Amino acid sequence: MPASARQRCHAVLAGLVTLATAAVVSLAAPTPAGAADIWTETGSDRADPLTESQGLTSVEVPAGSPNHYTGIGTIPLGLSSRGWNHVGDPDASYNGYSIEPYQRDSGNSKMFRVRAPGGAWSEYVHTLGAGEALNNSWVAVSPDGQWMLSGEWGTMTRLLVLPTPGVNPSTSPSANLPQVATVRLDHAVRDVQGCDFSGPTTLLCSSDDPEGSLFGITKPLLLIDLSAAPNGTADVTGHVTALRQLPLRSSCSGAFEAEGIDYDRRTGTLRVIVISPGFCVLTDSKTYKFSRG
């Protein structure tokens, strides 16, 4: 999410009492013909606007861990005082390392905050490459744990590949976390807010695209089929398919915001956060649940 979008979000939260509610809006769209995957909505949970509004990830280690959420209210004071004022959609390796992506309003770097299975936190900084956008909306850890994908805000035809901080032995909090490869997309994507691996070479992504010109629908759920599993040494290509529009239902009218995504391989459950417009950001923002088929 860019700084301007964050400011709008903060303004909404600060001025909620002045906003009026409107009629119920239902904008769900059918699955586009020829989609490679079908995901059916199976339920939803309320998403707290302060602590569950940016992203989530299922955590497998330790066993029985709850889903890990991020939001404005989860940013530690020590980080925000150093300018890291936005946290995006996190992900977790299968061996229990949770990774949160952070950004600030200026500078030439991004930060990834890592929690080890034992609970200790560490920080890894990535210096921007030539032409790389400053925002840091999401991370997706490869099933083997060694590589991490990251995306950029706006209309993009690539995803960035970095070694997974704290998991890949080449990484250190005292050294720059480098980009080591690129995923070259065969179709542009816009305003991707989260991606998660659903298999070694498949990604499911939530797009906050407000225009709908790329795939014929706004706020699409995307599938990206990779030509090979990321290995940190070679670029791979990604075939992009729009599967469906994410649910856009609220007691308020206005602009929804698609946020983070998580695929839990243990249950086959897909979860996507959608933030409601206006006053309803408090009352009916949701984490929607989906199952395949």
Side-chain angles (χ1 to χ4, degrees), residues 1-16 47-57 67-92 98-115 121-129 132-141 148-156 159-160 162 165 173 176-177 179 189-196 205-210 219 255-262 272-277 281-282 285 287:
M1 182 192 300
S4 59
R6 293 202 307 276
Q7 291 166 357
R8 290 195 299 271
C9 180
H10 292 169
V12 167
L13 291 172
L16 289 172
D48 182 87
L50 292 178
T51 60
E52 300 175 345
S53 59
Q54 294 299 314
L56 77 163
T57 184
N67 289 335
H68 176 61
Y69 286 84
T70 55
I72 298 169
T74 70
I75 301 174
L77 180 60
L79 291 186
S80 60
S81 66
R82 289 189 281 127
W84 300 111
N85 57 8
H86 179 267
V87 60
D89 183 39
D91 200 12
S98 298
I99 302 164
E100 298 179 343
Y102 279 84
Q103 71 186 65
R104 48 191 172 192
D105 296 335
S106 61
N108 67 344
S109 62
K110 304 172 181 178
M111 190 268 284
F112 300 91
R113 186 172 180 249
V114 180
R115 183 177 64 186
W121 288 94
S122 54
E123 298 176 14
Y124 294 75
V125 175
H126 163 69
T127 301
L128 302 184
E132 182 179 345
L134 183 64
N135 76 286
N136 198 14
S137 295
W138 59 271
V139 294
V141 177
M148 180 179 73
L149 303 188
S150 176
E152 300 163 278
W153 186 260
T155 303
M156 293 290 168
L159 307 176
L160 311 179
L162 303 88
N176 177 57
L177 186 69
Q179 179 187 348
V189 297
R190 182 179 292 125
D191 299 350
V192 172
Q193 292 276 51
C195 288
D196 206 358
C205 302
S206 54
S207 166
D208 192 45
D209 181 2
K219 319 290 182 181
F256 292 79
E257 186 165 9
E259 290 286 358
I261 192 170
D262 174 69
V272 184
I273 299 171
V274 179
I275 300 301
S276 295
V281 67
L282 282 181
S285 296
T287 299

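A quick note: this is a predicted structure, and the numbers were derived from the prediction, not measured.
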K.L.:
Please say which of W84, F112, W153 ends up in a side chain to side chain contact (heavy atoms under 4.5 Å, CB included) with N136.
P.N.:
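Considering W84, F112, W153, a side chain to side chain contact (heavy atoms under 4.5 Å, CB included) with N136 is found only for F112.
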
K.L.:
Are I75 and Y102 close enough, and set up right, to give a side chain to side chain contact (heavy atoms under 4.5 Å, CB included), and what steps lead you there?
P.N.:
CA-CA 9 Å; I75 301 174; Y102 279 84; 3.9 Å; yes

K.L.:
Could you tell me whether the side chain of D209 and the main chain of D191 form a donor-acceptor pair under 3.5 Å?
P.N.:
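Such a contact is absent between D209 side chain and D191 backbone.
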
K.L.:
Could you give the distance from CD (E259) to CD (Q193), rounded to the nearest 0.5 Å?
P.N.:
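Answer rounded to 0.5 Å: 4.5 Å.
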
K.L.:
Within the 4.5 Å heavy-atom criterion, are C195 and L149 side-chain neighbours or not?
P.N.:
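No, side chains not in contact.
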
K.L.:
Taking the side chain as every heavy atom from C-beta outward, state whether P173 and E123 have any atom pair closer than 4.5 Å.
P.N.:
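Not in contact.
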
K.L.:
Do you know which two heavy atoms are closest between A47 and T287, and how far apart they sit?
P.N.:
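So the minimum-distance heavy-atom pair works out to CB-OG1, 3.8 Å.
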
K.L.:
How far does CD1 of I273 sit from CD of E52, to the nearest 0.5 angstrom?
P.N.:
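Nearest 0.5 Å value for the CD1-CD distance: 7.0 Å.
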
K.L.:
What are the two closest non-hydrogen atoms of A133 and L128, and how far apart are they?
P.N.:
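The answer is O-CD2, 3.8 Å.
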
K.L.:
Of all heavy-atom pairs between L282 and P49, which one has the smallest distance, and what is that distance?
P.N.:
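It is CD2-CG, 3.4 Å.
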
K.L.:
By the definition salt bridge (charged side-chain N to carboxylate O under 4.0 Å, His left out), identify the one residue from E100, E152, E132 that meets it with K110.
P.N.:
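For K110, the salt bridge (charged side-chain N to carboxylate O under 4.0 Å, His left out) check succeeds only for E132.
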
K.L.:
Begin from the C-alpha positions of S285 and E257 and carry the test side chain to side chain contact (heavy atoms under 4.5 Å, CB included) through to its verdict.
P.N.:
CA-CA 9 Å; S285 296; E257 186 165 9; over 6 Å; no

K.L.:
Roughly how far apart are M148 CE and L160 CG, rounded to 0.5 Å?
P.N.:
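Going from CE on M148 over to CG on L160, the span is 9.5 Å.
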
K.L.:
Please give me the minimum heavy-atom distance between N135 and S137, naming the atom from each residue.
P.N.:
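Looks like ND2-OG, 3.0 Å.
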
K.L.:
Heavy atoms only: give me the nearest G71-S53 pair and the separation to one decimal.
P.N.:
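Heavy-atom minimum between the residues: CA-OG, 3.7 Å.
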
K.L.:
Which value, rounded to the nearest 0.5 Å, describes the distance between Q179 atom CD and T127 atom OG1?
P.N.:
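Going from the CD atom of Q179 to the OG1 atom of T127 covers 12.0 Å.
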
K.L.:
Are Q54 and Y69 close enough that some pair of their side-chain heavy atoms sits under 4.5 Å apart?
P.N.:
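Not in contact.
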
K.L.:
What is the distance from atom CG of L134 to atom CG of N108, rounded to the nearest 0.5 Å?
P.N.:
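With rounding to 0.5 Å, CG (L134) is 8.5 Å from CG (N108).
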
K.L.:
Does the side chain of Y124 come within less than 4.5 Å of I99's, by heavy atoms?
P.N.:
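No, side chains not in contact.
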
K.L.:
Testing the basics here: between D89 and G194, what is the closest heavy-atom pair and its distance to 0.1 Å?
P.N.:
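Of all heavy-atom pairs spanning D89 and G194, the closest is OD2-CA, 3.5 Å.
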
K.L.:
Taking the side chain from T70 and the backbone from G55, do they hold a donor-acceptor pair closer than 3.5 Å?
P.N.:
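Between the backbone of G55 and the side chain of T70 there is a qualifying donor-acceptor contact (under 3.5 Å).
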
K.L.:
How many angstroms lie between CG in D262 and CG in D196, if you round to the nearest 0.5 Å?
P.N.:
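One finds 5.0 Å between CG of D262 and CG of D196.
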
K.L.:
In the structure I gave you, are the side-chain heavy atoms of L162 and H126 within less than 4.5 Å of one another anywhere?
P.N.:
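Contact flag for L162/H126 side chains = yes.
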
K.L.:
With no hydrogens and no angle check, is any side-chain donor or acceptor of S207 less than 3.5 Å from a backbone partner on R190?
P.N.:
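Yes, because the side chain of S207 sits within donor-acceptor range (under 3.5 Å) of the backbone of R190.
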
K.L.:
One thing to verify: whether K219 and D208 come together as a salt bridge, which I'm taking to mean a side-chain N less than 4.0 angstrom from a carboxylate O.
P.N.:
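Salt bridge present between D208 and K219.
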
